[in-house]
Amino acid sequence: MTATGLVLAATSACSTPGAVGGATPAPTSASTSTTPQVTRTPDGATADPSPGTPPAPEPVPTYQATVSALTPELAARMHASWRPGCPVPLEDLRHVALPHRDMTGGVVQGELVVHVDVADGVVEVFRTLFDAGYPIASMRLVDDFGADDDASMAADNTSAFNCRAVTGGTGWSEHSFGRAIDVNPVENPYVHGSTVLPSAGAAFVDRPDAPGVIHDGDVVVAAFAAHGWQWGGHWTRPIDYQHFSTTGR
């Protein structure tokens with residue numbers, strides 16, 4: 001299910017987008033000359049370049065992420081998702097700002113709050129997804145939804161930290177530790193018997209080959225696994241297709 005992430009100084013950069021996951025990445029730049037092609041008429045006069053010459057390809061956006069410690073302003077913004085008594089102190093959380101591809105293939109800025117121990121790995125996971133062209137509908141702090149997990153899921157929001165109980169239980173969710181991330185909740189719903197959360201996820205219970213849908217063995221599962229994260233899609237009851245955690249819970 002869901003949650004949101006956080007903040008220390010570190011900057012990651014780089015990327016070479018590939019293809020996968022339903023979204024078409026921007027074309028890779030080619031080393032073509034920008035000098036117009038010129039032809040000569042029989043009498044030696046110069047002719048204009050052909051009007052049909054295609055334009056040079058657009059440069060591919062680079063992946064640049066930052067990991068930062070929580071500022072007082074950000075801590076105040078997180079008043080809904082964190083409170084005294086939560087199992088992780090604010091100083092152990094980090095704000096991760098990173099670009100991601102949206103459902104139209106565009107590049108937008110996203111943010112997560114995660115535990116300091118996993119922040120750098122999270123940057124690399126989403127670098128892999130960015131390079132692969134995997135689309136993410138939304139990536140905002142759950143506080144933008146009043147820390148309401150249902151509202152965040154309904155908005156198809158990818159999130160991480162949220163100090164809350166596990167779904168359907170009373171113990172702490174792994175999101176409460178900043179060690180769980182929910183990815184594209186609508187396309188990857190939580191399924192327990194006849195319960196599907198969010199409700200719009202009912203259209204994706206049969207796991208169609210559609211943008212944003214996660215499948216076993218795909219680039220999303222592999223990218224998280226490479227950094228020690230386990231997928232809730234491997235569970236049997238419930239099945240939580242959106243959920244990744246470092247503990248398997």
Side-chain angles (χ1 to χ4, degrees), residues 1-15 63-100 109-131 134 136 139-143 147 149 152 157-167 169 171-185 214 219-235 240 242-249:
M1 308 232 36
T2 99
T4 307
L6 235 6
V7 179
L8 178 23
T11 303
S12 300
C14 194
S15 85
Y63 179 91
Q64 295 184 339
T66 61
V67 178
S68 309
L70 300 188
T71 62
E73 293 76 16
L74 186 53
R77 180 183 167 198
M78 292 174 58
H79 68 89
S81 65
W82 186 93
R83 58 195 174 279
C86 287
V88 61
L90 286 173
E91 54 265 32
D92 286 353
L93 297 173
R94 295 293 180 265
H95 180 265
V96 181
L98 53 86
H100 65 86
Q109 188 66 24
E111 58 178 344
L112 297 168
V113 169
V114 298
H115 195 279
V116 60
D117 291 347
V118 302
D120 290 342
V122 166
V123 167
E124 295 310 311
V125 168
F126 284 96
R127 182 195 303 278
T128 298
L129 302 189
F130 183 91
D131 290 352
Y134 177 76
I136 296 173
M139 187 187 290
R140 298 161 56 191
L141 299 191
V142 74
D143 298 272
D149 189 45
S152 180
N157 184 55
T158 294
S159 63
F161 177 78
N162 190 7
C163 184
R164 62 172 178 81
V166 65
T167 302
W172 292 117
S173 163
E174 290 303 292
H175 291 281
S176 302
F177 300 88
R179 298 179 181 277
I181 297 176
D182 291 339
V183 180
N184 287 339
I214 300 170
V219 66
V220 185
V221 176
F224 274 99
H227 293 274
W229 294 68
Q230 300 179 51
W231 183 40
H234 288 149
W235 300 353
D240 202 351
Q242 66 197 255
H243 186 82
F244 290 88
S245 71
T246 61
T247 62
R249 300 193 297 271

### Task
Identify, with sequence neighbours excluded, every residue that meets salt bridge (Lys or Arg N to Asp or Glu O under 4.0 Å) alongside Asp92.
none
#### Entry: Shortest non-hydrogen contact from Ala119 toward Val114
CA-CG2, 3.7 Å
### Query
Is there a side-chain contact between Cys86 and Ser176, using heavy atoms and a 4.5 Å cut-off?
no
### Message
Please enumerate all residues that pass side-chain contact (heavy atoms from CB on, under 4.5 Å) together with Trp229, with sequence neighbours excluded.
### Response
Val118, Val122, Ile181, Phe224, His227, Phe244, Thr246
### Message
Pair Met78, Leu70 - check side-chain contact (heavy atoms from CB on, under 4.5 Å), show working.
### Response
CA-CA 10 Å; Met78 292 174 58; Leu70 300 188; 4.0 Å; yes
### Message
When you compare the side chain of Asp149 with that of His175, does any pair of heavy atoms fall below 4.5 Å?
### Response
no
## Note on the structure
Gln109 meets the side-chain contact (heavy atoms from CB on, under 4.5 Å) criterion, sequence neighbours left out, with Ala97, Pro99
### Message
Rounded at 0.5 Å granularity, tell me how far CZ in Arg164 sits from CD in Glu174.
### Response
10.5 Å
### Query
Minimum heavy-atom separation for Asn162 to Ala147, with atom names?
ND2-O, 3.3 Å
### Task
Compare every heavy atom of Ser173 with every heavy atom of Phe177, then report the nearest pair and how far apart it is.
CD1-O, 3.5 Å
### Query
Between CG of Leu141 and CG of Asn157, what distance do you get to the nearest 0.5 Å?
8.5 Å
## Note on the structure
Rounded to the nearest 0.5 angstrom, the CD-CG distance for Glu124 and Leu98 is 11.0 Å
### Task
Might you point out which heavy atoms bring Leu129 and Val220 nearest each other, and give the distance in Å?
CD2-CA, 3.7 Å
### Query
What pairs meet the side chain to side chain donor-acceptor pair (under 3.5 Å) rule with one or both residues in residues 75-90, with sequence neighbours excluded?
Arg77-Glu111, Arg77-Asp144, Ser81-Asp143
## Note on the structure
Closest non-hydrogen atoms of Trp235 and Gly248, given as atom of the first, atom of the second and distance, are NE1-O, 3.4 Å
### Residues in side-chain hydrogen bond (donor to acceptor under 3.5 Å, both in side chains) contact with Gln230, at least two apart in sequence or another chain
none
### Summary
Heavy-atom nearest pair, Asn184 first then Ile136, reads OD1-CA, 3.5 Å
### Task
Evaluate the side-chain proximity of Val96 to Val123: yes if any heavy-atom separation is below 4.5 Å, no if none is.
yes
